[in-house]
Amino acid sequence: MLTFIGLGLCDEYDVSVRGLEAIRQADAVFLEVYTSVLTGTTIPRLEEYYGKKITPLYREDVELHPEPILDAAANGDAVFLTAGDSMVATTHADIRIRAAERGIPTRIIHGASITTAVCGLSGLQNYRFGKSVSVPFPYGKWFPMTPIEVISANLSQNLHTLVFLDIQKDKERYMRIAEAVDLLEEQASRAGTSIPLYIGIARAGSENPVVHAGDANDMREFEFGAPLHIMVVPAELHDVEREYLERFAGLC
């Protein structure tokens, strides 16, 4: 059996009761650490709370060499842990398909996801979101314009855009909101467009999340604190959305 378990947004205490029971009963525990991370905890703390040894998984372990995971699931009960909700990343769906091809039973135990937490923290209506996009760190002369293209397409349909910020786990590098704003402003300039409003969110799911809305200069100057950071580029605001942001995100 291979069980996919979402761990929620922040630390070891976000896991569901059902998920915790499955972890403690498992023969092998794997933790995917490259698509997102629980910044409120560490692997040793997870191991202490769960009472299990955890094997961290990096991109190559999951996408190119998943055999140890599948072998463990074929010979016993294995769990595949991820931050957030397990099936948000397509690579996790792929490994479930691989398990099914080998006749390995699978199941999913869901966890809190940033895609829904953003709506609660920002007050934006979830059905008004279009396609989401990620802003990567530029590399050399590589400067992708996909983020502004997606944002512009969503804005043309009066849809909000959820903007994921790059993570380079091997370098312990997490993109900050100010960095992402700089990149998007450069993209907007090259594309001959503009972004009038941003919403930044830091440490969703923790005891001290920060939410702030403003223009590019405001977002660069505001101190969001430690990662993880995420952003929304909102479309035209509904009256309730605007009032929510004024009360809880400092929108002027």
In one Ile/Leu/Val/Met/Phe/Trp/Tyr side-chain cluster, 4.5 Å: Leu2, Leu81:
no
Is the closest side-chain heavy-atom distance between Leu38 and Cys10 below 4.5 Å?
no
Return yes if some donor-acceptor pair links the side-chain N/O of Gln187 with the main-chain N/O of Ile148 below 3.5 Å, else return no.
yes
Euclidean distance, Asp11 CG relative to Thr39 OG1, rounded to 0.5 Å
9.0 Å
Between Phe30 and Ala28, which heavy-atom pair has the shortest distance, and what is it?
CE1-CB, 3.9 Å
With rounding to the nearest 0.5 Å, note down the distance linking CD1 in Ile151 to OH in Tyr198.
7.0 Å
Any heavy-atom pair between the side chains of Ser36 and Leu228 that's under 4.5 Å?
yes
Compare every heavy atom of Asn126 with every heavy atom of Cys119, then report the nearest pair and how far apart it is.
SG-CB, 3.5 Å
Ring-plane angle category for Phe4 and Phe80, please: parallel below 30°, perpendicular beyond 60°, tilted otherwise.
tilted
With sequence neighbours left out, write down each residue that passes salt bridge (Lys or Arg N to Asp or Glu O under 4.0 Å) with Glu185, or none if nothing qualifies.
none
Would you compute the distance between atom CD of Glu236 and atom NE2 of His160 and round it to the nearest 0.5 angstrom?
10.0 Å
Kindly say whether Ile177 contributes a backbone atom to a donor-acceptor pair with the side chain of His229 at under 3.5 angstrom?
yes
Are Leu7 and Asp14 close enough that some pair of their side-chain heavy atoms sits under 4.5 Å apart?
no
Does the side chain of Leu31 reach to within under 4.5 Å of the side chain of Leu57, using non-hydrogen atoms?
no
Evaluation steps, side-chain contact (heavy atoms from CB on, under 4.5 Å), between Glu179 and Val135:
CA-CA 10 Å; Glu179 294 175 286; Val135 177; over 6 Å; no
Under 4.5 Å between side-chain heavy atoms, counting indirect links through other Ile/Leu/Val/Met/Phe/Trp/Tyr residues: same cluster for Tyr244 and Phe222 or not?
no
In terms of hydrophobic clustering (I, L, V, M, F, W, Y; side-chain heavy atoms under 4.5 Å; direct or indirect links), are Val210 and Val163 co-clustered?
yes
Over 12 non-hydrogen atoms of neighbours within 6.0 angstrom of CZ in Arg18:
no
Take Arg96 and Ile108 through the test side-chain contact (heavy atoms from CB on, under 4.5 Å) and record every step on the way to the result.
CA-CA 10 Å; Arg96 192 181 189 202; Ile108 303 169; 3.5 Å; yes
Is the distance between the ring centroids of Phe129 and Tyr127 under 6.0 Å?
no
Which residue pairs pass the salt bridge (Lys or Arg N to Asp or Glu O under 4.0 Å) test with at least one member in residues 78-91, sequence neighbours excluded?
none
To the nearest 0.5 Å, tell me how far Thr3 OG1 sits from Arg107 CZ.
4.0 Å
Would Leu183 and Phe143 count as a side-chain contact (heavy atoms from CB on, under 4.5 Å) here? Give the steps.
CA-CA 9 Å; Leu183 291 170; Phe143 190 80; 3.7 Å; yes
What are the two closest heavy atoms between Met175 and Ala180, and how far apart are they?
SD-CB, 3.7 Å
One pair to check against side-chain contact (heavy atoms from CB on, under 4.5 Å): Phe164 and Ile230. What are the steps and the verdict?
CA-CA 5 Å; Phe164 294 95; Ile230 194 166; 3.7 Å; yes
Provide the closest heavy-atom pair for Val133 versus Pro147 in the form atom of the first, atom of the second, distance.
CG2-CA, 3.6 Å
Would you give the length of the straight line joining atom CD1 of Ile97 to atom CD1 of Ile95, rounded to the nearest 0.5 angstrom?
11.0 Å
So do the side chains of Tyr50 and Leu20 get within less than 4.5 Å of each other, counting heavy atoms only?
yes
Whether the side chain of Ser194 engages the backbone of Pro196 through a donor-acceptor N/O pair (distance < 3.5 Å, no angle test) should be reported.
no
Does the Arg176 side chain pair with the main chain of Gly225, one donor and one acceptor, at a distance under 3.5 Å?
yes
What I want to find out is whether Glu47 reaches Lys52 closely enough, with some N-O distance under 4.0 Å, to be called a salt bridge.
no
Would you say the side chain of Thr161 lies within less than 4.5 Å of the side chain of Ser132, judging by non-hydrogen atoms?
no
Just wondering, do Leu237 and Leu251 contact through their side chains at under 4.5 Å, heavy atoms?
yes
Indicate yes or no for a side-chain donor-acceptor contact from Ser134 to the backbone of Pro136 under 3.5 Å, with no hydrogens or angles considered.
no
Between Met231 and Leu121, is there shared hydrophobic-cluster membership here, with clusters defined by ILVMFWY side-chain heavy atoms closer than 4.5 Å?
no
State, to 0.1 Å, how close Leu245 and Ser122 come at their nearest heavy-atom pair, and which atoms those are.
CD2-O, 3.2 Å
Between Pro234 and Ile199, is any pair of side-chain heavy atoms under 4.5 Å apart?
yes
How far apart are the closest heavy atoms of Ala204 and Ile201, and which atoms are they?
CB-CG2, 4.2 Å
Does the ring centre of Tyr34 sit less than 6.0 Å away from the ring centre of Tyr58?
no
Indicate whether any N or O donor in one side chain lies under 3.5 Å from an N or O acceptor in the other, for Thr41 and Glu12.
yes
Nearest-0.5 Å distance that lies between atom CZ in Arg203 and atom CG in Leu9
13.0 Å
Can a donor-acceptor pair be found between the side chains of Tyr174 and Glu172 at a distance below 3.5 Å?
yes
Give the cluster check for Ile69 versus Val33: same hydrophobic cluster or not, with ILVMFWY residues linked at side-chain heavy-atom distances below 4.5 Å.
no
Donor-acceptor contact below 3.5 Å, side chain Ser86 vs main chain Thr82
no
Determine which pairs satisfy salt bridge (Lys or Arg N to Asp or Glu O under 4.0 Å) with at least one residue from residues 121-150, sequence neighbours left out, and list them in order.
Arg128-Glu241
More than 12 heavy atoms of other groups within 6.0 Å of Glu48 CD:
no
No-hydrogen, no-angle side-chain donor-acceptor test under 3.5 Å, His92 and Glu32
yes
Should Arg220 and Asp215 count as an ion pair when the cut-off is N to O under 4.0 Å?
no
Say whether, by atom type as modelled, one donor and one acceptor occur between the side chain of Arg173 and the main chain of Asp166 under 3.5 angstrom.
no
